[in-house]
2 protein chains.
Amino acid sequence: MTHNELGWEETLWDAGYRVTRQRALVLDAVCAGDGHTAFGDIHLRVKQADASIDRSTVYRALRLFVDLGLVLSAETGGEETFYEVARPEPHHHLVCRVCGSEWEIDAAALQAMFDEVEARHGFAVATDHLVLFGACAMCRTNARSV
Amino acid sequence: MTHNELGWEETLWDAGYRVTRQRALVLDAVCAGDGHTAFGDIHLRVKQADASIDRSTVYRALRLFVDLGLVLSAETGGEETFYEVARPEPHHHLVCRVCGSEWEIDAAALQAMFDEVEARHGFAVATDHLVLFGACAMCRTNARSV
DNA sequence: CCATCTCCTGCAAATGTTTGCAATAAACCG
DNA sequence: CGGTTTATTGCAAACATTTGCAGGAGATGG
């Protein structure tokens, strides 16, 4: 997947921003990740495509993409920030704090929670990309058998 | 509230760490916040208590406290990290992306979600401090009346 | 109390991220 | 197409955070 399939130009123009070659390469670098790409990986890919692109440009493009919702950032609890391209259907992550494994779950799993918050507090939750930490089934089974 | 009321020494010793004067001052600085304190505020308070304490010591103490669960850190979506002292009862935050207001909600509100994830995925969610973004009742009412 | 172990600190350097500025370039209009 | 506007970039500097190291100090045991 590359940036061509994303309709990203319209998003930028609509928001008053410009479409640049550098930004396309940054977006491609995010697309080339497995969905969870650290800044260092993105920067390396951009550099390989065009060594003249400055690190600050990569930071800026990423920041803009996140602000515009083209890219999702996931803070992993004080650790490194991961980036992934926003997809039509929202999803969330489960990260095992024991073995480090990670899963995606669709948004339906958490919709009941959001509905509950809205009913109780009148607050419409917009957050559509959560990272939840805990213990996976495998690690819980192993812990139990010790 | 100061560090004396927290039983923090046992937590450190149990984990194989030491209780130091500097760490007590850092914890006090977090306690002195309104529950949501930026690094700069913490550092300033520590400096006022003892100007000889180095910035890196404050970073390290905070990192250790967060790792040990004595202090909670809240990433506010690409913005500044806020710190607060961990309380016995878990809670979460709702932040309005329109007006910036913030509320705390108790963990019961989200428990159904966690139970759902466990039933569906066998994953025991340990995350007990979420920051959810969206639109508050007031801003939604204003938007509707425009 | 003293000796020992080793975690912890301050300091300086290294690394990561953001910002200011002048030049570049995208976008628009005639 | 050319001129104009202004967003964007590369570069360097500033700022934020982390890391390495030697000396300091907390904790333990005799």
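All values below were derived from every heavy atom in this structure, side-chain atoms included, with hydrogens, water molecules and symmetry-related copies excluded. A note on names: the letters A, B, ... follow the listed sequences, proteins ahead of strands, and every chain is numbered from 1.
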**Q** A:His92 and A:His129: aromatic ring centres closer than 6.0 Å?
**A**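 Ring centroids of A:His92 and A:His129 are no less than 6.0 Å from each other.
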**Q** Suppose we screen for side chain to side chain contact (heavy atoms under 4.5 Å, CB included). Which residues come up paired with B:Asp115, at least two apart in sequence or across chains?
**A**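 Once residues adjacent in sequence are excluded, the partners of B:Asp115 under the side chain to side chain contact (heavy atoms under 4.5 Å, CB included) criterion are B:Gln111.
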**Q** Sugar-phosphate means primed atoms, P, OP1 and OP2; the rest is base. With that split, encode nucleotides 23-30 of chain D 5' to 3' as B, S or - using protein heavy atoms under 4.0 Å.
**A** --BBS---
**Q** Please report the C-alpha distance between A:Thr127 and B:Val131 in whole Å, then the side-chain angles of each, then the deciding distance to 0.1 Å, and finally whether the side-chain contact (heavy atoms from CB on, under 4.5 Å) criterion is met.
**A** CA-CA 9 Å; A:Thr127 296; B:Val131 180; over 6 Å; no
**Q** Would you say the side-chain atoms of A:His121 and A:Glu116 include a donor-acceptor pair closer than 3.5 Å?
**A**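 The answer is no; no qualifying pair exists.
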**Q** Within the 4.0 Å heavy-atom criterion, would you say A:Ser56 contacts the bases, only the backbone, or no part of the nucleic acid?
**A**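 Base contact.
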**Q** What is the distance, to the nearest angstrom, from the OH atom on A:Tyr59 to the P atom on D:dC15?
**A**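 Those two atoms, OH and P, are 17 Å apart.
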**Q** Just to be sure I understand the rule, does A:Arg23 reach a base, reach only the sugar-phosphate, or reach nothing, if contact means heavy atoms closer than 4.0 Å?
**A**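 The answer is sugar-phosphate, as A:Arg23 gets under 4.0 Å only of primed atoms, P, OP1 or OP2.
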**Q** Measure CD1/B:Ile42 against P/D:dA16 and give the value in whole Å, please.
**A**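 Interatomic distance, CD1 of B:Ile42 to P of D:dA16: 15 Å.
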**Q** Grab the NE2-C1' distance between A:His43 and C:dT18 for me, whole Å please.
**A**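 Taking atom C1' of C:dT18 as the reference, NE2 of A:His43 is at 14 Å.
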**Q** Return the value, rounded to whole Å, for the distance between atom CZ of A:Arg55 and atom P of D:dA16.
**A**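 Taking atom P of D:dA16 as the reference, CZ of A:Arg55 is at 18 Å.
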**Q** Indicate yes or no: does A:Asp67 engage A:Arg63 in a salt bridge with an N to O separation below 4.0 Å.
**A**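 Looking at A:Asp67 and A:Arg63, the cut-off is met.
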**Q** Could you give the CG-to-P distance, from A:Asp14 to D:dA7, as a whole number of Å?
**A**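 It is 16 Å, rounded to the nearest whole Å.
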**Q** Nearest-Å distance, CZ (B:Phe39) to P (C:dT18)?
**A**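 Distance check: B:Phe39 CZ to C:dT18 P gives 16 Å.
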**Q** Which pair of non-hydrogen atoms, one from B:Thr37 and one from B:Val30, has the smallest distance, and what is that distance?
**A**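 Residues B:Thr37 and B:Val30, closest heavy atoms: OG1-O, 4.1 Å.
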**Q** Is any side-chain N of the basic residue among A:Asp50 and A:Arg21 closer than 4.0 Å to the acidic one's carboxylate O?
**A**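 Looking at A:Arg21 together with A:Asp50, the answer is yes, because their closest N to O distance falls below 4.0 Å.
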**Q** Tell me the interatomic distance from A:Arg63, atom CZ, to C:dT17, atom P, rounded to whole angstroms.
**A**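 Taking CZ of A:Arg63 and P of C:dT17, I get 13 Å after rounding.
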**Q** Strictly below 4.0 Å, N to O, side chains only: are B:Arg23 and B:Glu9 in salt-bridge contact?
**A**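 A salt bridge is absent here (no side-chain N lies under 4.0 Å from a carboxylate O).
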**Q** Can you tell me if B:Tyr17 has over 12 outside heavy atoms packed within less than 6.0 Å of its OH?
**A**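 Incorrect, the count does not exceed 12.
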**Q** Would you list the protein and nucleotides 2-4 of chain C atom pairs, both N or O, that sit under 3.5 Å from each other?
**A**
none

**Q** Taking CG from B:Leu62 and P from D:dT18, how many angstroms apart are they, rounded to a whole number?
**A**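 To the nearest whole Å, that distance equals 10 Å.
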